[in-house]
There are 2 protein chains.
Amino acid sequence: MPDTVRIETAKAETTTFREVMAEILQRITEGPWGPGTLLPGEVELAEEFGCSRTTMNRALREVSELGFLDRKRKAGTRVRMAPIRQARFEMPVVRAEVEKTGAVYRYALVSREVVVAPDWLRLRMGLKARSRVVHLICLHFADGVAFQLEDRWINAGALPQALEQDFSEVGANEWLVATVPFSEVEISFLAAAADAGMVAHLDHALGDPVFCVERATWWQNAAVTLVTLAHRRGYRMTTRY
Amino acid sequence: MPDTVRIETAKAETTTFREVMAEILQRITEGPWGPGTLLPGEVELAEEFGCSRTTMNRALREVSELGFLDRKRKAGTRVRMAPIRQARFEMPVVRAEVEKTGAVYRYALVSREVVVAPDWLRLRMGLKARSRVVHLICLHFADGVAFQLEDRWINAGALPQALEQDFSEVGANEWLVATVPFSEVEISFLAAAADAGMVAHLDHALGDPVFCVERATWWQNAAVTLVTLAHRRGYRMTTRY
DNA sequence: ATGTTTATTATGTCTACACATAAGGAGTCG
DNA sequence: CGACTCCTTATGTGTAGACATAATAAACAT
């Protein structure tokens, strides 16, 4: 095999998909495969790299999942013009997030009421007129200090069980993940001005910038819950890759 | 095959890894495999599902990547106590983000200076004493309206070419992705209070909540750049999954 | 009781091959 | 010229089988 690019390692005789990935990434980022390049087919590449098509397929698939390649049947594999640099944020349960820092976690229910969904909520979640919802305000503490203020709406039409839960002991989030299966989720991050509720429960002055996470959840096209999580002063959501 | 759980479809005789995934997810979320459960081995499962171990492996791997399972050699596959719900945010180049909405993109350089890195920056990026950095302030417009204010520091020690670039035409981000290969990145999302610079260039009043993205980049353990992107009023970063 | 070696086992990954499927492109027909 | 069909092609995914590797558990020696 004269033209083989097989990367030799001490023990391995085979080319692993990780090695192939590394080489592909290098060719994309500093090598000859600039943005827009159409790569050779899997068979050809497999031959060149001295591996099976299965392995080449795996490597290409993973690189594609990293956001560097665009793959289409018949059309082939193409280097993305602008690599999609994607940030993956793990959204842990608050409890886990707090306990990871070594702090003691505490949960408290501030208020709970069952109401007819206000218009803006009906619009936002696509509810029917006069839908009933459970509205919760909860607090999450880290070492006794308020860490996160949770403002949650639960669609009682989709989840009648929510009407019987009082949520004074079990957090709504933990109850939901245990009750509702797999669901479609929309998450937004935004900066909001602290309102009266946030001032009352978090360490904010009125109008202060507050980092908020808004999460809407559906299950089988039915809205389940909409929650806004307001964080304490100076909170950052960080990830590395 | 009496105990086979093969999901029958009209045409397919084989059980696909997607079908297996769906069934596994169902068993985790509403079925008998609650949090902490140790699953049977791949061979056993493959037999039960009427597929090859290869397919079962693929299915389990993907479910694991979704954050529901924890896999370890010899130890086996276990259902995570708290499924890691992860949000993936695509971080497009600003130009692409603007143009996707149909708006016209425009770039402008506000200021450019070469200075000795201030202490807080040295600390933040791990620079040597008296390191020189290029400090840029840039603006990104959508349909003529300021969309994003970019405050960027580039380590001239690691990237001497930056000293010769004037960045009046080419955006620093686009120049960097074309110049620096693959790198390690730390991204933070935070809510900040609008300062004088943001008020001057974005549609903010002093102290307004501003959604900011801070991104630090390294290459081979050398700091490359630190950038803060301040967004216009009402900006949200959203993703679905 | 404690540290070290060894066996066992479940997952990790490679190979070769086969068929499925999507989509571009050529050819055909009105 | 446009709309349709059919062929070709590159990726998508399934199978069986083999070996690699990590990590636990058991056996052993100190």
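In what follows, chains carry the letters A, B, and so on, assigned in the order in which the sequence lines appear, proteins first and then strands, with residues in each chain numbered from 1. All values reported here derive from a predicted model rather than from experimental measurement.
Taking each heavy atom of A:I28 and A:L69 in turn, the nearest pair found is CD1-CD2, 3.8 Å.
Between B:E62 atom CD and C:dT13 atom C1' there is a gap of 15 Å when expressed in whole angstrom units. Note: CD (A:E42) to C1' (D:dG12) measures 8 Å, nearest angstrom. The distance from atom CG of A:D70 to atom P of D:dG12 is 10 Å, rounded to the nearest whole Å. For the pair B:L38 CG and C:dA10 C1', the computed distance is 10 Å after rounding to whole Å. Between A:R71 atom CZ and D:dT13 atom P the separation is 10 Å, expressed in whole Å. Atom P of nucleotide C:dA18 and atom CZ of A:R53 are separated by 12 Å, given to the nearest angstrom. Distance, A:M56 CE to D:dG12 C1': 16 Å, rounded to whole Å. The interatomic distance linking A:E44 (CD) with D:dT11 (P) rounds to 10 Å, in whole Å.
Taking the six-membered ring where tryptophan is involved, the planes of A:F211 and B:F211 are essentially parallel, since the angle between them stays under 30° and well short of 60°. Ring orientation note: the planes of A:Y107 and A:H140 are tilted relative to one another, at an angle of 30° to 60°.
Here B:R78 lies out of heavy-atom contact (under 4.0 Å) with every strand. A:R61 comes within 4.0 angstrom of nothing in the nucleic acid, heavy atoms only.
When distances are taken from the side chain of B:K72 to each of C:dT15, C:dA18, D:dT24, the shortest belongs to D:dT24. Distance from the side chain of A:T54 is smallest to C:dC17 among C:dC17, D:dT11, D:dG17. Residue B:T55 places its side chain closer to D:dT15 than to any other of C:dC14, C:dG12, D:dT15. Across C:dG12, D:dT11, C:dT8, the shortest atom-to-atom separation from the side chain of B:K74 is found for C:dT8. Closest contact between the side chain of B:C51 and the listed nucleotides D:dT13, D:dT15, C:dA16 involves D:dT15.
B:E62 is linked by a side chain to side chain donor-acceptor pair (under 3.5 Å) to B:R58, counting only residues two or more places apart in sequence or in another chain. For the side-chain contact (heavy atoms from CB on, under 4.5 Å) test, residues two or more places apart in sequence or in another chain that qualify with A:T54 are A:S52.
Projected onto DNA chain C by closest heavy-atom contact, A:R58 and A:A75 fall at different nucleotides, the more 5' of which corresponds to A:R58. Of the two residues contacting DNA chain C, namely A:R73 and A:S52, the nearest-nucleotide position lying further toward the 5' end is that of A:S52.
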(request) Might you work through the salt bridge (Lys or Arg N to Asp or Glu O under 4.0 Å) test for A:R61 and A:E42, ending with a clear yes or no? (result) CA-CA 11 Å; A:R61 175 157 40 88; A:E42 290 184 343; over 6 Å; no
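Under the 4.0 Å criterion applied to side-chain N and carboxylate O atoms, A:D70 and A:R78 are not assigned as salt-bridge partners.
Close to D:dT13, at under 4.0 Å from its OP1 or OP2, lies no side-chain N or O of A:N57.
For the residue pair B:S131/B:R122, the side-chain donor-acceptor check at 3.5 Å is not satisfied.
A donor and an acceptor atom never sit less than 3.5 Å apart when one is taken from the side chain of B:R18 and the other from the base of D:dG12.
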Atom pairs under 3.5 Å, N or O on each side, protein against nucleotides 4-7 of chain D: can you list them with distances?
none

